[in-house]
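The next block holds one structure in the form of structure tokens; read it before the comments.
When a ligand or atom number is given, it counts from 1 through the structure's own listing order.
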Amino acid sequence: MAKLGWLVVSLSLFVLVTDLCEAISSCNGPCKTLNDCDGQLICIRGKCDDDPDVGSHVCSNGGGGGGSSPPSGNSCQPFSHKVCKGTSHPQYKCSPPVTSSTRAILTNNDFSQGGDGGGPSECDDKFHSNSELIVALSTGWYNRGSRCGKKIKITARNGKSVLAKVVDECDSINGCDTEHAQQPPCRNNIVDASNAVWDALGLDIDVGEEPINWSDVN
Ligand SMILES: *[C@@H]1O[C@H](CO)[C@@H](O)[C@H](O)[C@H]1NC(C)=O
């Protein structure tokens, strides 16, 4: 009788604890719905993570040195795919975490009216001269305009670096329409830069893409 009573108590404790855990998962904790996650976190693929729409960095900043945490690049997963001209392209609301040396791919953008950059820049609704030191950032890094008008430092493999102003978003969600010059959604790790930026870094625009590192400038 005493044994059975203990079993019942243990079982209900177990259920209670399990319920509690499910109700308030923190970063990377299991979840079924948004309500299962702590604070501003959302449920992505069964795990609680930062909500890119809110722009919190609770989970991405928590890593570092643990060894048990997955590579930072894996923390940002596509939420869907868009098919343009028969090819499927991932759509992202997030970008990899920003550090003091954030790895990215430098591409070339035409910010002028009538150029292949599509509509006017997202930050100021204006077109820009390609002789300005300006960039567009992937949706996650653009972060709802929080970097608009601010400068980032871009460093190339050749050791050269330049400061460039954020004026636009490289849209990682939408694409394949007139506004985006029929381009597929942007990848999530793009710094899309003017001719002036490429020139300042001593890079050949014809190459199309170059690995770079960037950081926020205070
Ligand atoms: C970016 O930084 C990482 C480490 O900080 C370094 O290993 C890599 O070579 C750098 N890449 C470029 C293009 O400078």
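- Surrounding NZ of Lys82 are more than 12 heavy atoms belonging to other residues, nucleotides or ligands, all under 6.0 Å away.
- Residue Pro211 approaches ligand 1 through these ligand atoms, each under 4.0 Å from one of its heavy atoms: 13 (C).
- Among all protein heavy atoms, the one lying closest to atom 6 (C) of ligand 1 is Arg103 NH2, 3.8 Å.
- When distances from atom 9 (O) of ligand 1 to the protein are checked, no heavy atom turns up under 4.0 Å.
- The one candidate from Asp192, Val135, Ile134 that meets the side chain to side chain contact (heavy atoms under 4.5 Å, CB included) condition with Asn109 is Asp192.
- Among protein heavy atoms, atom 11 (N) of ligand 1 sits closest to Asn213 ND2, 3.0 Å.
- In terms of protein heavy-atom proximity, atom 5 (O) of ligand 1 is closest to Ser101 OG, 3.5 Å.
- Side-chain atoms of Ser172 come within 3.5 Å of backbone atoms of Thr139 as a donor-acceptor pair (strictly under, hydrogens ignored).
- A side-chain donor from one of Asn213 and Ser101 sits under 3.5 Å from a side-chain acceptor of the other.
- Within ligand 1, the atoms closer than 4.0 Å to a non-hydrogen atom of Arg157 are 13 (C), numbered from 1 in the order shown.
- At a threshold of 4.0 Å, the pair Lys150-Asp216 does not count as salt-bridged, since none of the basic side-chain nitrogens sits closer than that to a carboxylate oxygen.
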